[in-house]
Amino acid sequence: MIGFTWKIGGEAGFGIMTTGVVFSKIATRSGYHIFDYVEYPSLIRGGHNAYEVHVSDEDVSHLSPSIDILVCLNKETYEKHKARLTLSSLVMFDQDEFEIKEDIKKIVIPFKKILSDLKGQPIMKNTIALGASIGILGGDVNELIRIISEQFSKKGEEVINFNKKFVQAGYDEVKKNYSKEILERLVKKPGDDKLVLTGNDAFALGSVIADCRVYSAYPMTPSSTVLTDLAAWQEKIGMVVRHAEDEISVINTAIGSSYAGVRSAVGSSGGGFALMVESLSFAGITEISIVIFVAQRPGPATGMPTWTEQGDLLFSVFSGHGEFPKIVLAPGDNEEMIELTAKAYNLADIYQMPVIVMSDMYLSESHKSVNKKFVDDFIANYKINRGKLIRNSKSVIKESNNKYLRYKITEDGISPRLIPGTPGYFYQANSYEHVEDGHTTEEAQPRIDQVDKRARKWVTYLSHDFSMPKIYGEIDKSETVFVSWGSTKGIVLQAQKLLKTKGIDSAFIHFNHIYPIDKEKITELLNQNKKYILVENNSWGQFGKLLMMETGIEIKNKILRYDGRPITVEEIVKYNNSLTR
Amino acid sequence: MSTIQDFSGYNPTWCPGCGDWGIGIAIKQALIQLGLNPSSVAAVFGIGCSGNMNDFLNAYAIHSLHGRALPNAIGIKLANHKMPVIAIVGDGDCYGEGGNHLVHACRGNHDITVIVHDNGVYGLTTGQSAPTAQKGYKSKSTPTGILETPINPLALTIISGATFVAQSFAGDVLHTISMIKAGIEHKGFSIINILQPCVTFNKINTYQYYLQRVYKLDENYKKDDFKTAVQKSLEINEEKFPLGIIYQVEKPSYTDQLPQLKENTLVDKKRFTDFDTITKLFI
């Protein structure tokens, strides 16, 4: 794999995020794959923002330990990130703004002077920096100009031309003064069309593919861009997006719309999801299909809103009072996010229960390029399965007394579900325990029958739709077996590659169907004579605890990180090397 | 045309003399008179004595959680805006636990009809004071008298953006029927606050209490004037209870304002399949 990392940093509120996405798109349009990562405080202005893009000629979903081009829009950027520079790294900055004393390769761009000469706003420093970055990487400046033209298309030719001048100024500065330093890293090459998606974009796209028709949410980092994506598309795609007054209203809106017959979803982070859980239990007993997107961030409480953690796993698995079945999925990357999101809607409909799709800041806010063909093929092959949904009176299975039984006791635990408004029938979705027709009961036998019926849906799920974890590498041939779930996938995969270069074979069991799991089959995977290493972005090793609960096997070797930052490839390799058998 | 029998489920378990009996009959009558049947109306019930009507009224229904009936009702309306949606709730349910939802349902002018059983107490949990209880009201949870001033549901909903606010008295079933009908026929958010004696736990707000203090708005009352309506609604702070439509104006409902619902309901529309218009945003 040939790749490099470009990183830009500056004061929050000065357009670093937008600049980063533009850079990612230039890279994908030039034929490369990207994975990017943002660092920003929970502030609108002030504080430090940084955005790095890992560009590669292969599919990528991890960060690199070193930075090859560091673009410093202020001194803080240099100070904060210089530890990741190498002898060959280039640092772009403006000598009129601050000095760098260290002996490093400097690309001095007079941002301040260009802004003053061309009468630009301070925010247009980014535009100059992009032009200079494309220049130094040997990229196609026209590609950048095209993207800028698209971005400002609504603002008219004048604004576009004004911005072009700043692109060109940055680009020319490099061509004029640093022609010998130019790296041929972003040279345009043929490649398939790629989508530059965050995990949140992938969830939103998966929801559109799956024909979700109501999305309800209250903004909460890092889930909010699902809300803003879908809100922007709603009129075009015929969805209703409700930004409700709180997360309790959010989930109850979706419960109402799902009851009325449309696929419905909600999204939040741990805190907002915590407000939803009474209603999750309500969806459990009423057997109302609902998809819940939980994008984790470090808690407890407000925690570290703009950083990453996998700290809400056990909370999600056990969310809601009382005993009721739910399904928890945790995609490992964007491709899995699209697939599992679309699958979540099918599962919710088939099993008439809440399905939780877990993400975290690292997956939700990082962009990863996805081949458009992958998405197109997935769309072409995806089949909507609404389970035992009845759409008209003729299809109603009538009992001897001519009644329809919403909570009919069945072998697979799933009862026929009728769309409200169907003439000739009615039923209630009852949050109280109920008999088969939905009426309230406090009798012992019907209670047992309904609890057992709901529980059987899990059994049916395990035999029909549960997917075993994917195994990368061969367990038989490996001494080390990594075990992880969700967003750590790409990082562990890269660690495996690195180990392989040192002659170490490893295997990797990656879970994305988190709960429930097939105990027997999973036990077989975990009880071999191997060096198992659990990799999780939390402090408790929550998935390890869940596996122990289900299989009785404890994974003692753990790589746990809970400082708000993603686990790195290098710490995995280092940990593995430190273990002696 | 439907009959009372069509709408009748289990026999009610309310206490003899409870105001809920009158409200229960009034709801069924209103639905019948509007030409509805159990398959053509959606009802969402809160938790409380009022919510227990779930088993006594036949309809496509949700028996919700305490306080959460309104967002459920809004959700049903979003999915199928052609179906009439009513929420049958109590005062603790709607003004206490679900107070935030009420304010925002008003703001959105969501086209649902909220029927509140206002008896000043939590009957189902044996008589603790509700948000509408008069200041100083003694109950098991407020043994020395409630310190808070009561919620004024009429003023609260009018200033929050409700476009139909009415009040009736459970002892006057015919008037209650007319209010519920008018509320359901109204396009936009409608609420009917029904004064309802709890014969078991509330010994102050009795039938006699209300009979002495309720009066019907006269024909010249200007229900479409915001300031008049707010003024009128403040009378309940002085224990005077106007009955009738306190406030009604015509404004576009939430779903009226959604272009994506112009052609069809969400539940009946065709699946969106032009995925390229979305994926191209990411290239």
Side-chain angles (χ1 to χ4, degrees), chain A residues 25 28-29 193-197 201 205 208-209 211 213-214 216 233-240 242 244-246 248-262 264 278-279 282 286 372 375-376 379 384 419-432 438-440, chain B residues 9-10 37-45 47 52 54-55 58-65 67-80 82-83 85 98 100-101 103-104 107-108 255 258-261 263-264 266-267 269-279 281-283:
Chain A
K25 283 192 173 179
T28 55
R29 288 187 187 190
D193 274 356
K194 293 183 192 68
L195 309 183
V196 174
L197 299 172
D201 295 332
L205 182 58
V208 176
I209 295 168
D211 198 22
R213 297 186 182 188
V214 168
S216 179
W233 309 340
Q234 60 178 328
E235 289 181 22
K236 196 187 301 175
I237 62 180
M239 179 188 278
V240 173
R242 183 175 189 234
E245 62 274 17
D246 58 34
I248 303 176
S249 183
V250 160
I251 188 168
N252 279 289
T253 301
I255 286 172
S257 56
S258 176
Y259 165 79
V262 303
S264 306
E278 186 199 18
S279 308
F282 170 37
T286 50
K372 185 170 185 296
V375 178
D376 292 343
I379 290 169
I384 289 180
I419 290 192
T422 306
Y425 299 92
F426 59 86
Y427 80 90
Q428 58 166 311
N430 196 343
S431 75
Y432 279 83
H439 280 93
T440 308
Chain B
Y10 288 4
N37 63 65
S39 304
S40 66
V41 62
V44 186
F45 300 90
I47 298 292
N52 282 351
N54 74 306
D55 286 329
N58 291 339
Y60 279 109
I62 297 179
H63 196 180
S64 184
L65 295 171
R68 313 305 167 205
L70 269 58
N72 289 156
I74 289 169
I76 296 173
K77 198 76 196 185
L78 294 182
N80 188 351
K82 289 187 179 154
M83 195 165 188
V85 182
N100 200 24
H101 307 318
V103 169
H104 294 273
R107 278 181 59 221
T255 47
L258 294 172
Q260 59 270 48
L261 299 183
E263 301 282 310
N264 215 334
L266 272 190
V267 69
K269 76 158 192 120
K270 281 207 173 71
R271 182 187 175 199
F272 170 83
T273 52
D274 186 10
F275 299 108
D276 270 347
T277 62
I278 301 301
T279 52
L281 301 170
F282 296 99
I283 293 173

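Source: prediction; values computed, not measured. In what follows, chains carry the letters A, B, and so on, assigned in the order in which the sequence lines appear, proteins first and then strands, with residues in each chain numbered from 1. When reading the values below, keep in mind they use all heavy atoms of this one structure, side chains included, and skip hydrogens, waters and symmetry mates.
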Quick check on A/Ile419 against chain B: is it the side chain, the backbone, both or neither that has a heavy atom closer than 4.5 Å?
both

When the 4.5 angstrom heavy-atom criterion is applied to B/Thr279 and chain A, the contacting part is both

Are there residues of residues 58-65 of chain B that reach to under 4.5 Å of chain A by heavy atoms, and which ones?
B/Asn58, B/Ala59, B/Tyr60, B/Ala61, B/Ile62, B/His63, B/Ser64, B/Leu65

Which of parallel (below 30°), tilted (30 to 60°) and perpendicular (above 60°) describes A/His439 and B/Tyr10?
parallel

Tell me, with the steps shown, if B/Asn100 and A/Glu245 meet side chain to side chain donor-acceptor pair (under 3.5 Å).
CA-CA 7 Å; B/Asn100 200 24; A/Glu245 62 274 17; 5.4 Å; no

What closest approach, in Å, do A/Lys236 and B/Ile278 show between heavy atoms, and which atom pair accounts for it?
CD-CD1, 4.4 Å

Where does A/Tyr259 contact chain B at under 4.5 Å (heavy atoms): side chain, backbone, both or neither?
side chain

Heavy-atom contact with chain A under 4.5 Å, split by part of B/Leu261
side chain

Flag, side chain of B/Ser39 to backbone of A/Gly424, donor-acceptor distance under 3.5 Å:
yes

Toward chain A, the part of B/Pro38 with a non-hydrogen atom under 4.5 Å
both

For A/Arg213, is it the side chain, the backbone, both or neither that has a heavy atom under 4.5 Å from a heavy atom of chain B?
both

For the NE2 atom of B/His104 and the CZ atom of A/Arg242, what is their distance to the nearest 0.5 Å?
9.0 Å

Result for side chain to side chain contact (heavy atoms under 4.5 Å, CB included) between B/Arg68 and one of A/Asn252, A/Ile255, A/Thr253 points to A/Asn252

Using non-hydrogen atoms only, which part of B/Lys270 is less than 4.5 Å away from chain A: side chain, backbone, both, or neither?
backbone

Need one label for A/Lys194: side chain, backbone, both or neither, based on atoms under 4.5 Å from any heavy atom in chain B.
backbone

Minimum heavy-atom separation for B/Lys269 to A/Ile237, with atom names?
NZ-O, 3.2 Å

Against chain A, label B/Asp274 side chain, backbone, both or neither, depending on which of its atoms sit under 4.5 Å from a heavy atom there.
neither

Using non-hydrogen atoms and a 4.5 Å limit, figure out which bit of A/Val196 sits close to chain B: side chain, backbone, both or neither.
both

How close do A/Ile248 and B/His101 get, counting heavy atoms only, and between which atoms?
CG2-NE2, 3.9 Å

Between A/Asp211 and B/Arg271 (side chain of the first, backbone of the second, donor and acceptor by atom type, cut-off under 3.5 Å), is there such a pair?
no

What part of B/Ile283 lies closer than 4.5 angstrom to a heavy atom of chain A: side chain, backbone, both or neither?
both

